[in-house]
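Notes follow once the structure below has been shown.
Predicted model, so just to flag it, every value in this text is computed and none were measured.
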Amino acid sequence: MFEGQVNTSNNQAKAVILLSGGLDSATVLAIAKSQGFECHTMSFDYGQRHKAELVAAQNLAQNLGAKTHRVMSMDMRAIGGSALTDDSIDVPVSGVEEGAIPITYVPARNTVFLSYALGLAEVLEADNVFIGVNAVDYSGYPDCRPEYIAAFETMANLATKAGVEGHKMHIQTPLIDLTKAEIIQQGLANGVDYSLTVSCYQADDLGRACGECDSCRLRKQGFSDAGVADPTIYQS
């Protein structure tokens with residue numbers, strides 16, 4: 001992990017990037033960099049079963065030139081309710097029922113993560129928070145929808161000193177309307193090395209993917225649709 005005091009002597013606009021270590025968040029970081037932002041990345045050790053993503057996030061932050069990278073610790077296992085935070089619940093490998101919210105949904109996770117990012121953005125005097133939510137090739141999570149992001153942005157500008165003082169906070173979702181293939185193409189155009197990313201819900205300690213969970217299937221299909229070789233390392 002690399003952390004440090006932010007150099008406020010320049011006029012480069014700052015942004016906080018939620019960086020999970022997965023394909024989507026890596027692409028978002030690369031897009032924010034391409035737009036000229038000084039990027040400050042934030043990951044979460046929240047009790048998830050797939051800790052390899054934290055190593056991936058660290059490597060991506062360095063590889064893509066983040067100014068600082070922070071890992072925030074919290075215990076969402078104390079809440080449970082998800083296959084990602086409760087080892088007694090199996091990660092599904094047989095697909096998700098259409099219209100159903102899958103058991104890999106972590107209750108209130110994006111709300112918690114965005115709240116931490118909002119706090120850091122205030123401290124850094126950053127007006128932009130980037131998150132890699134997607135409403136096209138996504139797993140049915142309610143906190144990945146455009147209406148949720150719009151509502152959070154409204155709340156952010158009501159609940160912060162910056163917002164009250166007229167410094168509008170923007171929640172940026174550059175992937176919201178893209179297919180997985182389009183996301184991959186954008187990332188490659190902006191220099192993302194997808195071999196550094198970990199998307200699997202149950203990756204092993206080396207970051208090798210199971211190849212069977214919903215996240216793995218979406219990732220595989222994305223590379224196939226993009227006509228790009230899949231750099232993912234699988235367990236078998």
Side-chain angles (χ1 to χ4, degrees), residues 15-35 37 39-44 46 48 50 52-54 56-61 63-66 69-72 84 102 104-106 108-118 120-121 126 128-150 152-153 156 169-201 203 209 213-219 221-223 226 232:
V16 176
I17 319 296
L18 290 176
L19 184 64
S20 71
L23 183 155
D24 293 343
S25 67
T27 306
V28 167
L29 172 56
I31 289 172
K33 284 286 292 183
S34 75
Q35 293 176 355
F37 287 100
C39 296
H40 299 265
T41 52
M42 177 178 283
S43 299
F44 294 85
Y46 62 93
Q48 67 270 48
H50 50 307
E53 69 177 20
L54 295 173
Q58 162 88 17
N59 292 336
L60 287 162
N63 181 264
L64 292 170
H69 178 65
R70 292 167 173 80
V71 179
M72 313 305 295
L84 303 189
T104 50
Y105 163 69
V106 180
R109 182 177 61 179
N110 280 353
T111 302
V112 172
F113 289 2
L114 281 169
S115 296
Y116 270 73
L118 184 60
L120 178 59
N128 292 272
V129 171
F130 283 74
I131 182 172
V133 295
N134 178 260
V136 180
D137 286 342
Y138 83 124
S139 297
Y141 299 156
D143 52 3
C144 288
R145 297 174 298 164
E147 52 266 46
Y148 163 75
I149 295 298
F152 190 95
E153 183 175 284
M169 189 68 65
H170 303 277
I171 309 300
Q172 303 280 6
T173 58
L175 312 184
I176 195 79
D177 294 321
L178 302 183
T179 66
K180 191 67 74 178
E182 289 169 337
I183 291 169
I184 290 168
Q185 290 164 345
Q186 283 227 11
L188 292 174
N190 285 291
V192 176
D193 179 355
Y194 285 117
S195 70
L196 298 177
T197 65
V198 174
S199 300
C200 179
Y201 288 146
C213 69
D214 190 41
S215 184
C216 280
R217 285 197 303 275
L218 286 172
R219 181 181 170 112
Q221 190 62 50
F223 281 110
T232 308

List the atom of Ala117, the atom of Val129, and the distance in Å for their closest heavy-atom pair. CB-CG1, 3.8 Å
Counting C-beta onward and ignoring hydrogens, is there a side-chain heavy-atom pair between Arg109 and Tyr141 closer than 4.5 Å? yes
Straight-line distance of Thr27 OG1 to Asn190 CG, nearest 0.5 Å: 8.5 Å
Just wondering, do Pro146 and Thr173 contact through their side chains at under 4.5 Å, heavy atoms? no
Might you point out which heavy atoms bring Ala181 and Ala226 nearest each other, and give the distance in Å? CB-N, 3.7 Å
Separation of Ser20 OG from Leu54 CG (nearest 0.5 Å): 9.5 Å
Side chain to side chain contact (heavy atoms under 4.5 Å, CB included) for Phe152 and Asn110? Distances and angles first, verdict last. CA-CA 10 Å; Phe152 190 95; Asn110 280 353; over 6 Å; no
Heavy atoms of Lys180 and Gly222 approach each other most closely as CG-CA, 3.7 Å
Looking at CD of Gln221 and OG1 of Thr179, how far apart are the two atoms once the value is rounded to the nearest 0.5 Å? 10.5 Å
How far does CD of Glu53 sit from OH of Tyr201, to the nearest 0.5 angstrom? 10.5 Å
Partners meeting ring-ring contact (aromatic ring centres under 6.0 Å, His included) with Phe113 (sequence neighbours left out): Phe44, Tyr46
Taking every non-hydrogen atom, the tightest pair across Val28 and Gly132: CG2-CA, 3.5 Å
Considering all heavy atoms of both residues, which atom of Ala56 and which atom of Val198 are nearest to each other, and what is their separation? CB-CG2, 3.8 Å
Does the side chain of Pro174 reach to within under 4.5 Å of the side chain of Phe130, using non-hydrogen atoms? yes
Can you tell if the side chain of Ser25 reaches within under 4.5 Å of the side chain of Ile17, non-hydrogen atoms only? no
CD (Glu153) and CE (Met169) are apart, to the nearest 0.5 Å, by 9.5 Å
When you compare the side chain of Leu60 with that of Thr197, does any pair of heavy atoms fall below 4.5 Å? yes
Report yes if some heavy atom in the side chain of Val133 is under 4.5 Å from a heavy atom in the side chain of Asp143; otherwise report no. no
Shortest non-hydrogen contact from Leu64 toward Gly191: CD2-O, 4.0 Å
Please list, chain by chain and in numerical order, all residues satisfying side chain to side chain contact (heavy atoms under 4.5 Å, CB included) with Ser199, sequence neighbours excluded. Leu23, Ser215, Arg219
Output the distance between atom CG (Leu114) and atom CG (Leu118), rounded to the nearest 0.5 Å. 8.0 Å
Asp214 side chain reached by Thr104 side chain, heavy atoms, under 4.5 Å: no
